[in-house]
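This report refers to the structure that appears directly beneath it.
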Amino acid sequence: MARSYRASINLDFTKQDTGAYQALIRALIQAGWVYVETSALVVETDDIGKVWRGVELVAKGSQNAGELSAFTFHIQSSKDFAGVPYKGAATRANALTDILQRPFPVLSSLPLQPPRAAADGRSVFTLPDA
């Protein structure tokens with residue numbers, strides 16, 4: 001099975017030059033990237049060159065698009081995105097339950113209240129009243 005790649009780009013500019021920013025987004029789309037939301041594009045391909053082309057376009061197109069305030073680039077490579085067996089998942093059947101029963105850590109800089117279970121079973125987090 002051939003190796004394939006999933007990549008994402010998130011970028012943001014301060015003092016944005018809208019025309020130059022839009023030109024960069026159009027260039028990424030024309031290079032095969034998919035625009036998924038404001039400032040976020042993704043590509044899934046067997047061609048690593050298409051991934052690197054996206055980085056090249058951001059490097060060259062950012063020069064006129066404003067002050068680059070954020071740029072995140074992520075690439076994941078695999079021969080099988082359907083997943084590979086993880087032996088420990090079968091041998092430790094209670095891992096999910098064991099971890100979900102642990103208390104949620106409270107960060108001193110963000111005093112979250114312990115999570116409570118919603119009616120649908122999801123955890124709900126709340127901040128203390130000011």
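Because the structure is predicted, anything quoted here is derived from the model rather than measured. These numbers come from the heavy atoms of this one structure, side chains and all, not from hydrogens, waters or symmetry mates.
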Kindly compute the distance separating [atom1] ([X]) from [atom2] ([Y]), expressed to the nearest 0.5 Å.
X     : Y     : atom1 : atom2 : result
His74 : Ile9  : NE2   : CD1   : 12.5 Å
Gln76 : Ser4  : CD    : OG    : 9.5 Å
Lys50 : Tyr5  : NZ    : OH    : 13.5 Å
Gln63 : Leu24 : CD    : CG    : 11.0 Å
Gln16 : Leu68 : CD    : CG    : 11.0 Å
Phe13 : Asn64 : CZ    : CG    : 10.0 Å

Which pairs would a plain distance check flag for residues 37-48, meaning a side-chain donor or acceptor within less than 3.5 Å of a matching protein atom at least two apart in sequence or in another chain?
from  : atom 1 : to    : atom 2 : distance (Å)
Ser39 : OG     : Leu11 : O      : 2.9
Ser39 : OG     : Tyr21 : OH     : 3.3
Glu44 : OE1    : Arg6  : NE     : 3.2
Thr45 : OG1    : Asp47 : N      : 2.9
Asp47 : OD1    : Gly49 : N      : 2.9

Inset, instruction - Heavy atoms only: give me the nearest Val51-Ala7 pair and the separation to one decimal. - result: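 That would be CG1-CB, 3.9 Å.
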Inset, instruction - Mind listing the closest non-hydrogen atom pair of Arg26 and Gly19 along with its distance? - result: NH2-O, 4.3 Å
Cluster overlap [X] with [Y], hydrophobic side-chain contacts below 4.5 Å:
X     : Y     : answer
Ile29 : Val55 : yes
Phe73 : Val36 : no
Leu28 : Val34 : no

Legend entry - Candidate pair Val58 and Phe71, rule side chain to side chain contact (heavy atoms under 4.5 Å, CB included), full reasoning: CA-CA 9 Å; Val58 171; Phe71 173 48; 3.7 Å; yes
Inset, instruction - Please confirm whether the backbone N or O of Ala20 pairs with a side-chain atom of Asp17, one donor and one acceptor, at under 3.5 Å? - result: yes
